[in-house]
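Some notes on the structure that comes next.
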There are 2 protein chains.
Amino acid sequence: MLTIGYLAKKTGTKVQTIRYYEQIGLMPEPGRTDGGQRRYGNAELDRLSFIRHARQLGFSLDAIRELLDLSDHPARSCEEADAIARRQLKQVEQRMARLEVLRLELERMIEECSGGRAADCRVLEVLRDHSECLTDHEGIGT
Amino acid sequence: MLTIGYLAKKTGTKVQTIRYYEQIGLMPEPGRTDGGQRRYGNAELDRLSFIRHARQLGFSLDAIRELLDLSDHPARSCEEADAIARRQLKQVEQRMARLEVLRLELERMIEECSGGRAADCRVLEVLRDHSECLTDHEGIGT
DNA sequence: TTAGCTCCTCTAGTCACTGTAGGTTCAAGG
DNA sequence: CCTTGAACCTACAGTGACTAGAGGAGCTAA
Ligand SMILES: [Zn+2]
Ligand SMILES: [Zn+2]
Ligand SMILES: [Zn+2]
Ligand SMILES: [Zn+2]
């Protein structure tokens with residue numbers, strides 16, 4: 001019988017986060033001691049590891065919910081799991097493309113500024129006037 | 001005299017977002033009509049454009065607050081503005097590096113899965129067992 | 001005048017946690 | 001058996017940067 005603190009340490013999760021996962025139905029309600037403390041088994045440890053690993057790979061909790069469901073039903077087709085992963089990959093690629101645009105623009109404005117008074121700062125100038133930019137970068141950053 | 005809706009359209013901002021910026025002190029409290037509606041001048045339009053452009057380049061509202069402050073004081077040194085921009089660039093680079101790791105891992109697991117039952121799905125297997133991964137990717141995704 | 005658009009305030013929700021306050025339980029050492 | 005202190009409990013508030021909705025008031029033109 002495993003305590004919540006043990007699960008936390010094993011998976012690199014904060015204790016509150018595990019309780020949060022329980023609250024939103026991602027982790028099951030575990031058994032309790034007479035005093036009301038949670039006690040887990042190995043299945044729950046595995047489930048939490050899965051969740052954390054998927055989070056590290058950038059999946060949303062909603063996506064993870066579906067992936068866990070598929071993992072719980074081994075006879076089903078894995079098409080949906082693959083589709084979720086492909087969606088995630090596409091999202092990552094899009095984000096990288098957007099970041100690359102920002103990176104170039106930032107690099108350029110930093111390079112061009114030769115210091116001095118704020119009045120002549122290239123960084124501030126570019127921020128004031130988008131026509132100084134080489135790219136469109138519409139949609140908010142990140 | 002410009003309405004909030006005009007500013008919104010000109011800058012591609014939602015009306016509520018402009019009111020939100022006012023609430024957190026990023027935009028000044030504008031004058032009002034007798035009926036209580038906000039009316040802006042061109043200075044406010046410029047300020048909002050600055051904010052939006054900086055947001056598109058990924059700066060946080062706190063960073064933008066400092067950048068606006070510097071832009072309002074042209075005699076000051078621009079060192080701090082440059083430092084903020086360099087910090088932002090570094091953050092973008094770090095995020096891209098993390099995303100590249102995710103991208104490779106996702107690409108690999110999608111490629112390796114040949115479809116079929118969820119029991120044999122490579123995607124689910126990798127999520128269950130981090131030792132199937134080639135990289136460490138610690139820290140939560142994005 | 002009346003239609004219909006825009007504007008107002010206020011509240012709550014998003015995502016995925018994280019932090020805090022104030023109290024209870026558990027396990028080990030004496 | 002008793003005490004100590006770490007780990008646990010619930011409940012609620014806060015993060016960033018908005019976004020959505022309710023319910024009402026103002027503004028403009030036909
Ligand atoms: Zn500068
Ligand atoms: Zn630009
Ligand atoms: Zn598969
Ligand atoms: Zn891994």
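Every chain is numbered from 1 and lettered A, B, ... according to where its sequence line falls, protein lines coming before strand lines. Bear in mind the structure is a predicted one, so any value in this text is a computation, not a measurement.
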message = Under the side chain to side chain donor-acceptor pair (under 3.5 Å) test against B/Tyr21, which residue among B/Gln16, B/Arg47, B/Arg52 passes?
response =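 With B/Tyr21 as partner, B/Gln16, B/Arg47, B/Arg52 yield a single side chain to side chain donor-acceptor pair (under 3.5 Å), made by B/Arg52.
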request  = Assign B/Arg52 to base, sugar-phosphate, or nothing according to its heavy-atom contacts below 4.0 angstrom with the strands shown.
outcome  =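 Sugar-phosphate contact only - B/Arg52 comes under 4.0 Å of backbone atoms but never of a base.
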ask   = Which part of the nucleic acid does A/Ile4 contact within heavy-atom distance under 4.0 Å: base, sugar-phosphate only, or nothing?
value =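 Sugar-phosphate, no base atom in range.
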Rounding to an integer number of Å, can you tell me how far [X] [atom1] sits from [N] [atom2]?
X	N	atom1	atom2	result
A/Ile24	C/dT14	CD1	C1'	13 Å
B/Glu22	C/dC7	CD	P	14 Å
A/Met1	C/dA27	CE	P	13 Å
B/Ile140	C/dC15	CD1	P	17 Å
A/Tyr20	D/dA11	OH	C1'	16 Å
A/Asp34	C/dT25	CG	C1'	11 Å
A/Lys9	D/dC8	NZ	P	8 Å
A/Arg39	C/dA27	CZ	P	6 Å

Nucleotide nearest [X] when distance is taken to its side chain, options [options]:
X	options	answer
A/Arg55	C/dA16, C/dC8, D/dC8	C/dA16
B/Thr3	C/dA27, C/dC7, D/dA17	C/dC7
A/Lys14	C/dT18, D/dC18, D/dA17	C/dT18
A/Gln37	C/dT25, D/dC18, C/dT18	C/dT25
A/Arg19	C/dC7, D/dC27, D/dC9	D/dC9
B/Leu61	D/dA17, D/dC9, C/dC8	D/dA17

So, does [X] get its side chain near the phosphate of [N], meaning an N or O under 4.0 Å from OP1 or OP2?
X	N	result
B/Thr33	D/dG26	no
A/Arg38	D/dT10	yes
A/Tyr21	C/dA16	no
B/Arg32	D/dC27	no

Comparing B/Ser60 and A/Gly36 on DNA chain D - which has the more 5′ nearest nucleotide =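 It is A/Gly36 whose nearest nucleotide is closer to the 5' end.
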message = If you assign A/Val15 and B/Gln16 each to the DNA chain D nucleotide with the nearest heavy atom, which residue ends up on the more 5' nucleotide?
response =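 Looking at DNA chain D, the more 5' nearest nucleotide goes with A/Val15.
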ask   = What is the ring orientation for B/His130 with B/His137, classed by angle as parallel under 30°, tilted 30 to 60°, or perpendicular over 60°?
value =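 Perpendicular.
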query = Can you find a side-chain donor-acceptor pair between B/Ser71 and A/Arg128 that sits under 3.5 Å?
reply =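 Yes, a side-chain donor-acceptor pair sits under 3.5 Å.
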task = Considering only NZ, NE, NH1 and NH2 on the basic side and carboxylate oxygens on the acidic side, decide whether A/Asp82 and A/Arg87 come within less than 4.0 Å.
result =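 Judged by the 4.0 Å cut-off on N to carboxylate O distance, A/Asp82 and A/Arg87 do not form a salt bridge.
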query = Can you check whether B/Arg55 reaches B/Leu61 side chain to side chain, under 4.5 Å on heavy atoms?
reply =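 Touching, per the 4.5 Å side-chain cut-off.
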message = Testing B/Glu105, B/Glu111, B/Glu112 one by one against B/Arg122 for a salt bridge (charged side-chain N to carboxylate O under 4.0 Å, His left out), which residue passes?
response =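 Going through B/Glu105, B/Glu111, B/Glu112 one by one, the salt bridge (charged side-chain N to carboxylate O under 4.0 Å, His left out) with B/Arg122 is satisfied by B/Glu112 alone.
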